[in-house]
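Note that this is a predicted model, so its numbers are computed, not measured.
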Amino acid sequence: MSDRPVIVFDSGIGGLTVLRELRVVMPDRRFLYVADDAGFPYGDWEEAALVERIVALFDDLLTEHDPALAVIACNTASTLVMPALRARFSIPFVGTVPAIKPAAERTRSGLVSVLATPGTVRRDYTRGLIDQFARECHVRLVGSARLAPMAEHFLRTGTVDPEELLAEAGDCFLEQAGRRTDIVVLACTHYPFLANALRKVAPWPVDWLDPAEAIARQALKLLPEPPATLPEGFDRVIFTSGSADHATRRLLHGFGLETAA
Ligand code: DGL
């Protein structure tokens, strides 16, 4: 029996949308949340530099924390770095990639949009998902550099400007030959925090697809053996900047996370 932690990794606090689903399917696990806030946002990073950065971070994380599994709760990272992580480390890694396959299976109009960071939109991996699973659909990729920072701001302050939100997400809504986009894939783990605000500014109702639950179930499959005892107290969070502000620490405390020493 093992109580090795499960690492949940993101560039910021977007991975909390995945952590909450992980806790539902594996309440008996100890989690270590890692926010690479010193590298945030990942959306515009050059690819080779981002791979190098994340692999180096995991070198240290694995040495210091001996995790049982790591969830890369970030599309921008997962669409790029999974092969390098799996080649270098022996623990299982679960990635978060745009939910294009389920969107293609569910759409009725055949018009699907993928809302993501510019990095995720640019990736060969994302284009490959469309080629493999959504050939019959019209998939529109919408990249926004501002939405992830807006989601961070929203979580800390509770405010988001509806006009700015529509300016970032408005391109997701397409009308063509009497048909309309009916599914928007939330392909950045920060965005589910904005889902209610997005619903309010949407020109028509769509299904906003959040893959967090599916990711949690996939992680559970790779972790069959529950720990001997239920963990007590708070899970921990590491900020790579080492200097998260008071508001952020308070926020994460509300998610049952306390700053690791
Ligand atoms: N949460 C991350 C994702 O899922 C990216 C946010 C960012 O660093 O811009 O893509």
Does [X] have any side chain to side chain contact (heavy atoms under 4.5 Å, CB included) partners at least two apart in sequence or in another chain, and if so, which?
{"X": "Asp131", "answer": "Arg135"}
{"X": "Arg140", "answer": "Ser113, Val142, Asp171, Leu174"}
{"X": "Glu21", "answer": "Ala212, Glu213, Ala216"}

Name all pairs fulfilling the ring-ring contact (aromatic ring centres under 6.0 Å, His included) condition that reach into residues 109-156, sequence neighbours left out, sorted by first residue then second. none
Can you tell me if Arg86 has over 12 outside heavy atoms packed within less than 6.0 Å of its CZ?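 Yes, CZ of Arg86 has more than 12 neighbouring heavy atoms, counting only those of other groups under 6.0 Å.
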Quick check: are there more than 12 heavy atoms from other residues, nucleotides or ligands sitting under 6.0 Å from CZ of Arg20? yes
Are Arg88 and Asp59 ion-paired here, with the side-chain N under 4.0 Å from a carboxylate O?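 Yes.
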Could you walk me through whether Val18 and Asp10 satisfy the side-chain contact (heavy atoms from CB on, under 4.5 Å) test, starting with their C-alpha distance in whole Å, then the side-chain angles of each, then the deciding distance to 0.1 Å, before giving a yes or no? CA-CA 10 Å; Val18 179; Asp10 182 34; over 6 Å; no
For [X], all residues meeting salt bridge (charged side-chain N to carboxylate O under 4.0 Å, His left out), sequence neighbours excluded:
{"X": "Asp182", "answer": "none"}
{"X": "Asp28", "answer": "none"}
{"X": "Glu52", "answer": "none"}
{"X": "Asp66", "answer": "Arg4"}

Can you tell which of His253, Arg156, Glu152 makes a side-chain hydrogen bond (donor to acceptor under 3.5 Å, both in side chains) with Thr248? Arg156
Could I get the full list of side chain to side chain donor-acceptor pair (under 3.5 Å) partners for [X], not counting sequence neighbours?
{"X": "Glu164", "result": "Arg146"}
{"X": "Ser11", "result": "none"}
{"X": "Arg180", "result": "Glu175"}

Compile the donor-acceptor pairs under 3.5 Å between side chains in residues 91-105 and protein atoms, sequence neighbours left out, one pair per line.
{"unit_1": "Thr96", "atom_1": "OG1", "unit_2": "Ile72", "atom_2": "O", "d": "2.7"}

Taking the six-membered ring for Trp, are Phe58 and Phe89 parallel (under 30°), tilted (30 to 60°) or perpendicular (over 60°)? tilted
How many angstroms lie between atom CG of Leu198 and atom CG of Leu186, to the nearest 0.5 angstrom? 7.0 Å
Heavy-atom closest contact (Ala73 atom, Val8 atom, distance):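 Nearest pair, atom of Ala73 first, then Val8: CB-CG1, 3.8 Å.
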